[in-house]
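Encoded as structure tokens, the structure appears first; notes follow it.
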Amino acid sequence: MTTKQQTVRLSDGHFMPVLGFGTFAASEVPKSKATEFTKIAIDAGLRHIDSAALYQNEAEVGIAIRSKIADGTVKREDIFYTTKLWCTSHRPELVQPSLEQSLKKLQLDYVDLFLIHFPMALKPGDDYLPEDENGKLIPDSVDFCATWEAMEKCKDAGLTKSIGVSNFNRRQLEKILNKPGLKHRPVCNQVECHPYLNQRKLLDFCKSEDIVLVAYSALGSHRVKEWVDQNSPILLDDPVLGTMAKKYKRTPAQIALRYQLQRGVVVLAKSFSEKRIKENIQVFDFQLTSEDMKVLDGLNKNIRYIRGST
Ligand code: NAP
């Protein structure tokens, strides 16, 4: 990983910027905010943009990307855009149409990265979270290895440069890696990762397999009530992060982001505030000591903010 170029080489030869912009926001936030703040993020220098079919903001994020291309700020090839396959589209015949739908909303010809959002499949249909009469999610019996083969076809068709997974544990990754006839390996596994859930074992496994670990909720998550226990501790209020921030004359958010970069993790940060977007980029001009990295490792409490993730 080179922080100078701020990219990491993926196993398929493409490059991923090590700091990404998260675009997920609570349903009550107007979708137009995704356009406004994605433009601000690109203007500020961010080149890696993370979204998903589930976020229902791809049309708005696409407007921002295309407007920054049109005004000459960036070229398409400067942007690394990620989208994700939602659980209701795991059936192999639904995979490419789902990506094509994302591309239509984005009005782009290709994405840079297409991820299986979660390893479990849900009943196909218009409901993102189909429930039975008892309020239980309705699963669909699709083997994610079959979904993966359809993902490989999307890469071969040129609709995405790279393919990967999200919210997979080691056993699930191994299932794909050991699949007979595997054509393309997953380049990354995007998972919840922060000082309270540092994913040490999964990170070591991913590194041993040349799979990049991409951290989401690196600042302690969006705390959207449908997904996050409102009683969980607030990461950025942690006193150790606070003390370290004072020591380095930084903010707790910058310490949490720098922590990931120094352990070889690509990190996403979501902010719909210009001030905080600019703050979150200032993480390449200081270095945490190895002692302080160990102190941050010691904050691990296996606290998972996002319910339903693995
Ligand atoms: P996050 O990056 O952990 O950020 C959490 C909150 O921190 C934001 O709501 C933001 O609020 C605030 N924040 C940002 N910068 C800050 C700063 N410098 N100081 C103080 N507060 C700051 O949030 P996340 O949305 O959970 O994760 C990031 C991205 O990862 C998402 O947007 C999405 O793209 C992706 N993600 C993926 C999955 C998956 O299953 N693959 C799951 C969750 C998230 P403001 O907007 O008010 O600044």
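Atoms within each ligand, like the ligands themselves, are counted from 1 in listed order. Remember, it's a predicted structure, so these values are computed and weren't measured experimentally.
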key: Contact check: His222 vs ligand 1, nitrogen or oxygen atoms, below 3.5 angstrom   = yes

query = Taking the side chain from Asn169 and the backbone from Arg171, do they hold a donor-acceptor pair closer than 3.5 Å?
reply = yes

inquiry  = Checking the N or O distance criterion of under 3.5 Å, is ligand 1 in contact with Phe272?
reply    = yes

task = Examine Ala253 against ligand 1 and note whether any of their N/O atoms are separated by less than 3.5 Å.
result = no

query = For ligand 1, does His117 get within less than 4.0 Å through its side chain, its backbone, both, or neither, judged by non-hydrogen atoms?
reply = side chain

query = Given Tyr216, Tyr55, Phe118, which one has a non-hydrogen atom that is nearest to atom 33 (C) of ligand 1?
reply = Tyr55

ask   = Cation-pi between Lys270 and Phe272: NZ/CZ under 6.0 Å from ring centre and within 45° of the ring axis?
value = yes

key: Of the listed options Leu236, Val191, Asn189, Val165, closest to atom 20 (C) of ligand 1 (non-hydrogen atoms)   = Leu236

inquiry  = Can you confirm, on distance only, whether ligand 1 has an N/O atom lying under 3.5 Å from any N/O atom belonging to Ser273?
reply    = no

request  = Go through ligand 1 atom by atom and flag the ones less than 4.0 Å from a non-hydrogen atom of Lys84.
outcome  = 41 (N)

key: Residues Asp12, Lys155; criterion salt bridge (charged side-chain N to carboxylate O under 4.0 Å, His left out); working and verdict   = CA-CA 11 Å; Asp12 66 359; Lys155 178 172 159 81; 3.3 Å; yes

task = Enumerate the atoms of ligand 1 whose separation from the nearest heavy atom of Ala269 is less than 4.0 angstrom.
result = 2 (O)

query = Is the side chain of Asp238 donor-acceptor paired with the backbone N or O of Leu235 at a distance under 3.5 Å, no angle test?
reply = no

ask   = Do Thr23 and ligand 1 have an N or O pair less than 3.5 Å apart?
value = yes

key: Matching residue for Leu213 among Val265, Asn189, Asp204, Val267 - test: side chain to side chain contact (heavy atoms under 4.5 Å, CB included)   = Val265

task = Evaluate the ring planes of His117 and Trp86, with Trp represented by its six-membered ring, and classify them as parallel (under 30°), tilted (30 to 60°) or perpendicular (over 60°).
result = perpendicular

inquiry  = Distance to the ring centre below 6.0 angstrom and angle to the axis at most 45 degrees; does that hold for Lys161 and Tyr110?
reply    = yes

inquiry  = My understanding is that we take every heavy atom of each candidate and find the minimum distance to atom 3 (O) of ligand 1. Doing that for Leu268, Leu219, Val267, which one comes out nearest?
reply    = Leu219

message = Checking the N or O distance criterion of under 3.5 Å, is ligand 1 in contact with Glu279?
response = yes

inquiry  = I'd like to know whether His194 forms a ring pair (Phe, Tyr, Trp, His ring centres under 6.0 Å) with Tyr305, so could you lay out the CA-CA distance, the side-chain angles of the two residues, the decisive distance to 0.1 Å, and finally the verdict.
reply    = CA-CA 10 Å; His194 43 72; Tyr305 287 110; 5.0 Å; yes

task = Pick one of side chain, backbone, both or neither for how Ser217 approaches ligand 1, counting any non-hydrogen atom pair under 4.0 Å.
result = both

remark   = Tested for side chain to side chain contact (heavy atoms under 4.5 Å, CB included) against Gln190, the lone hit among Leu113, Val212, Leu268, Val165 is Leu268

ask   = Relative to Tyr81, does Arg47 satisfy both conditions: NZ or CZ under 6.0 angstrom from the six-membered ring centre, and within 45 degrees of the ring's axis?
value = no

key: Heavy-atom proximity to atom 46 (O) of ligand 1, best of Glu274, Arg276, Lys270   = Lys270

task = Flag the pair Leu159 / Val111 as yes when at least one side-chain heavy-atom distance between them is below 4.5 Å, and no otherwise.
result = no

note = So the atoms of ligand 1 within less than 4.0 Å of a heavy atom of Gly220 turn out to be 3 (O)

key: Least distance between heavy atoms, Ile277 atom then Ala41 atom   = CG2-CA, 4.0 Å

task = Check each heavy atom of Leu115 against ligand 1 and say whether those closer than 4.0 Å belong to the side chain, the backbone, both or neither.
result = neither

key: Numbered atoms of ligand 1 (with element) below 4.0 Å of Asn167, judged on heavy atoms   = 39 (C), 40 (O), 41 (N)

query = What atoms of ligand 1 come closer than 4.0 angstrom to any heavy atom of Ala218?
reply = 3 (O)

request  = Any atoms of ligand 1 less than 4.0 Å from a non-hydrogen atom of Asp50? List them with their elements.
outcome  = 33 (C), 34 (O), 35 (C)

